[in-house]
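Just so you know, residue 1 is the first one in the sequence shown, and it goes up from there. No hydrogens, no waters, no symmetry mates; every other heavy atom, side chains included, goes into these values.
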Amino acid sequence: MGHSDATDGADHAAKRQIVVWDGAPKLAHPLLLVAFEGWFDAGECATGALSWIRDRSEARRVCHIDPEEFFDFQESRPHIEITSTGERHIRWPEIECHVVPAAPPHDLVLLSGIEPRMRWRTFCTGVVEIASELGCEMVVTLGAMVAGVAHSRTASVKGSAANAELAARLGLDRPTYQGPTGIIGTLHDVLDQASLPVVSLRVGVPHYVAGPPNPKGTRALLAHVETVTGVKTGYSELDSSVQAWEQRVNEAVARDPEIVSYIQQLEAEADRTAEENLPSGDDLAQEFQRFLAEQRQSGPSDGDSDSDKAD
């Protein structure tokens with residue numbers, strides 16, 4: 001009896017869909033952009049960047065990842081909502097995937113939500129399924145971490161890629177970090193094993209003003225997504241929000257002479273070491289496009305063909 005129950009439970013888990021599809025449309029050379037709320041989203045800069053792209057476009061949801069296997073609902077509790085007709089509805093924590101069509105030179109696939117708490121390796125196979133089913137040519141993960149940087153200086157974005165050829169061609173760093181990691185680090189490893197090219201873009205957020213929202217960090221990530229991929233993100237439309245945010249921070253820190261002195265030290269250090277963390281201009285985007293074109297010519301990855309995707 002006990003063995004049968006265990007087998008039935010294993011079969012049930014195996015049959016459970018990780019990715020629940022609404023439909024898998026054919027897309028034009030899509031890129032998958034990924035960001036998760038949590039440890040790697042200081043100031044909500046990363047998820048804010050994806051929300052910015054989604055909210056200013058005709059995005060539509062194509063799938064979501066079933067939360068049942070990946071969340072502790074005592075930690076990430078579902079919410080009860082009352083509809084306009086008075087009916088009760090439970091909204092579960094979800095990770096949703098939207099497509100943004102007609103964003104030359106690539107359609108975009110946006111995957112965002114709360115960072116999963118459990119079964120990261122299984123979860124990451126779901127992300128690989130999404131990328132493969134939609135024919136994504138590359139994955140770009142976005143992140144933000146607190147750092148010793150000044151709010152008054154240009155937000156520093158660092159880019160890296162484990163793929164040696166991709167890193168060299170785009171002028172990106174190779175990962176050197178060793179230590180505890182999160183879902184993004186796990187996802188990069190699984191994507192590398194699946195031979196899906198992946199780039200990491202991460203912005204530094206001032207640790208003394210790390211709370212959300214942080215439009216400056218969001219703008220910096222959007223600007224670098226545009227620089228690397230050539231896809232227009234409309235990041236300059238955030239300029240007025242950035243100026244207002246900087247003014248609020250200036251007014252807040254001016255009340256504490258010790259913080260003012262500390263920020264001046266950070267500013268001096270930033271001025272001494274000022275440098276571009278990523279190459280800029282059209283050359284980088286052109287090299288990015290050449291890399292993807294060569295990937296297409298060398299043959300599609302598993303599940304990459306349009307003929308494998310449902311309308």
Exercise. Heavy-atom count around Glu258 CD within 6.0 Å, excluding the residue itself: above 12?
Worked result: no

For this session: Check step by step if side chain to side chain contact (heavy atoms under 4.5 Å, CB included) holds for Leu284 and Val228.
Result: CA-CA 6 Å; Leu284 178 56; Val228 172; 4.0 Å; yes

Exercise. Which residues, ordered by chain and number, are linked to Val146 in its hydrophobic cluster, where ILVMFWY side chains connect at heavy-atom gaps below 4.5 Å, directly or through other members?
Worked result: none

For this session: Spell out, as yes or no, whether a donor-acceptor pair under 3.5 Å connects the side chain of Asp107 to the backbone of Ala28.
Result: yes

For this session: Please list all pairs passing the ring-ring contact (aromatic ring centres under 6.0 Å, His included) test where one or both residues lie in residues 137-163, with sequence neighbours left out.
Result: His151-Tyr208

Problem set entry | Nearest heavy atoms of Gln17 and Asp66, plus distance in Å | O-CB, 3.6 Å

Exercise. Are Glu96 and Arg54 ion-paired here, with the side-chain N under 4.0 Å from a carboxylate O?
Worked result: no

Exercise. With respect to Pro105, which candidate in Leu292, Thr229, Val231 satisfies the side-chain contact (heavy atoms from CB on, under 4.5 Å) definition?
Worked result: Val231

Exercise. Is any side-chain heavy atom of Glu69 closer than 4.5 Å to a side-chain heavy atom of Met118?
Worked result: no

Exercise. Is Ile90 linked to Phe71 within one hydrophobic cluster, defined over Ile, Leu, Val, Met, Phe, Trp and Tyr using a side-chain heavy-atom separation of less than 4.5 Å?
Worked result: yes

For this session: Only counting residues at least two apart or in another chain, list the ones meeting side chain to side chain contact (heavy atoms under 4.5 Å, CB included) with Gln178.
Result: none

Exercise. Minimum heavy-atom separation for Thr181 to Trp39, with atom names?
Worked result: C-CZ3, 4.1 Å

Problem set entry | Nearest non-hydrogen partners of Leu201 and Gly159, listed with the distance | CD2-CA, 3.9 Å

Problem set entry | Within-4.5 Å side-chain heavy-atom neighbours: Ser51 and Thr218 | no

Exercise. Between Glu287 and Arg290, is the closest basic N to carboxylate O distance under 4.0 Å?
Worked result: yes

For this session: Nearest 0.5 Å please: distance from the CG atom of Leu33 over to the SG atom of Cys97.
Result: 10.0 Å

For this session: Verify the distance criterion only: is there a donor paired with an acceptor across the side chains of Gln265 and Glu269 at less than 3.5 Å?
Result: no

Problem set entry | Heavy-atom side-chain proximity of His188 to Ile184 below 4.5 angstrom | yes

Exercise. Just how far is it from atom CD of Glu115 to atom CD1 of Ile95, taken to the nearest 0.5 Å?
Worked result: 8.5 Å

Problem set entry | Under the ring-ring contact (aromatic ring centres under 6.0 Å, His included) test, residues paired with His29 that sit two or more places apart | none

For this session: Apply the test side chain to side chain donor-acceptor pair (under 3.5 Å) to residues Glu246 and Asn250: give CA-CA distance (whole Å), side-chain angles for both, the deciding distance (0.1 Å), then the verdict.
Result: CA-CA 6 Å; Glu246 287 186 343; Asn250 287 337; 5.8 Å; no

Seminar exercise, completed: Applying salt bridge (charged side-chain N to carboxylate O under 4.0 Å, His left out) to Arg153 and not counting sequence neighbours gives Glu267, Asp271

Seminar exercise, completed: In short, Ser241 meets Pro215 closest at the heavy-atom pair O-CG, 3.6 Å

Exercise. With sequence neighbours left out, what residues match Asp22 under side chain to side chain contact (heavy atoms under 4.5 Å, CB included)?
Worked result: Arg61

Exercise. Can you tell me how far CD of Glu129 sits from CD1 of Ile18, rounded to the nearest 0.5 angstrom?
Worked result: 7.0 Å

Got a list of side-chain donor-acceptor pairs under 3.5 Å for residues 40-50, not counting sequence neighbours?
| residue | atom | partner | partner atom | Å |
| --- | --- | --- | --- | --- |
| Asp41 | OD1 | Cys45 | N | 3.3 |
| Asp41 | OD1 | Ala46 | N | 2.9 |
| Asp41 | OD1 | Thr47 | N | 3.2 |
| Asp41 | OD2 | Thr47 | OG1 | 2.7 |

Seminar exercise, completed: Residues at least two apart in sequence or cross-chain that pass salt bridge (charged side-chain N to carboxylate O under 4.0 Å, His left out) with Arg219, listed by chain then number, are Asp239

Problem set entry | Cluster overlap Leu238 with Leu221, hydrophobic side-chain contacts below 4.5 Å | yes

Problem set entry | By ring-ring contact (aromatic ring centres under 6.0 Å, His included) - contacts of Phe291 (at least two apart) | none

Problem set entry | Beyond-backbone contact of Pro30 with Val99, side-chain heavy atoms, under 4.5 angstrom | no

Exercise. Any link between Leu166 and Leu142 through a network of hydrophobic side chains (Ile, Leu, Val, Met, Phe, Trp, Tyr) touching at under 4.5 Å?
Worked result: yes

Exercise. Does atom CD of Glu81 have more than 12 heavy-atom neighbours from other groups under 6.0 Å away?
Worked result: yes

For this session: Walk me through it: do Met138 and Gln295 pass the test side chain to side chain contact (heavy atoms under 4.5 Å, CB included)?
Result: CA-CA 10 Å; Met138 182 172 290; Gln295 294 289 306; over 6 Å; no

Problem set entry | Donor-acceptor under 3.5 Å (Thr227 side chain, Ala223 main chain) | yes

Problem set entry | Joint hydrophobic cluster, Val203 plus Leu266, side-chain heavy atoms closer than 4.5 Å | no

For this session: Please tell me if the side chains of Met145 and Arg202 come closer than 4.5 Å, counting only heavy atoms from C-beta onward.
Result: no

Problem set entry | Check: Arg88 and Ile82 side chains under 4.5 Å, non-hydrogen atoms | yes

Exercise. Is it true that Val109 and Ile183 fall in one hydrophobic cluster, defined by side-chain heavy atoms closer than 4.5 Å?
Worked result: yes

Exercise. About how many Å separate CG of Leu170 and CZ of Phe288, when rounded to the nearest 0.5 Å?
Worked result: 7.0 Å

Exercise. Side chain to side chain contact (heavy atoms under 4.5 Å, CB included) between Val139 and Leu111: does it pass, once the steps are laid out?
Worked result: CA-CA 10 Å; Val139 180; Leu111 182 67; over 6 Å; no

Seminar exercise, completed: Note: with side-chain heavy atoms under 4.5 Å as the link, the other cluster members for Val20 come out as none

Seminar exercise, completed: One should read off an interatomic distance between His98 NE2 and Ser112 OG, to the nearest 0.5 angstrom, of 7.5 Å

Problem set entry | Residues that Val128 engages under side chain to side chain contact (heavy atoms under 4.5 Å, CB included), provided they are two or more places apart | Ser132, Val190, Leu191, Ala194, Leu196

Problem set entry | Arg174 to Ala167 - nearest heavy-atom pair and separation | CD-CB, 3.6 Å

For this session: Identify which one of Val198, Leu187, Asn163 satisfies the side-chain contact (heavy atoms from CB on, under 4.5 Å) criterion when paired with Asp192.
Result: Val198

Exercise. Stepwise, does the side chain to side chain contact (heavy atoms under 4.5 Å, CB included) test hold for Gln243 with Gln247?
Worked result: CA-CA 6 Å; Gln243 292 172 2; Gln247 181 61 32; over 6 Å; no

For this session: Report yes or no: does Thr233 contribute a side-chain atom to a donor-acceptor pair with the main-chain N or O of Leu222 at less than 3.5 Å?
Result: yes

Exercise. Can you list every pair that meets ring-ring contact (aromatic ring centres under 6.0 Å, His included) and has a residue in residues 118-149, with sequence neighbours left out?
Worked result: Phe36-Phe123, Phe70-Phe123

For this session: For residues His207 and Gly148, report the shortest heavy-atom separation together with the two atoms involved.
Result: CD2-CA, 3.9 Å

Exercise. Just how far is it from atom SG of Cys136 to atom CG of Leu27, taken to the nearest 0.5 Å?
Worked result: 7.0 Å

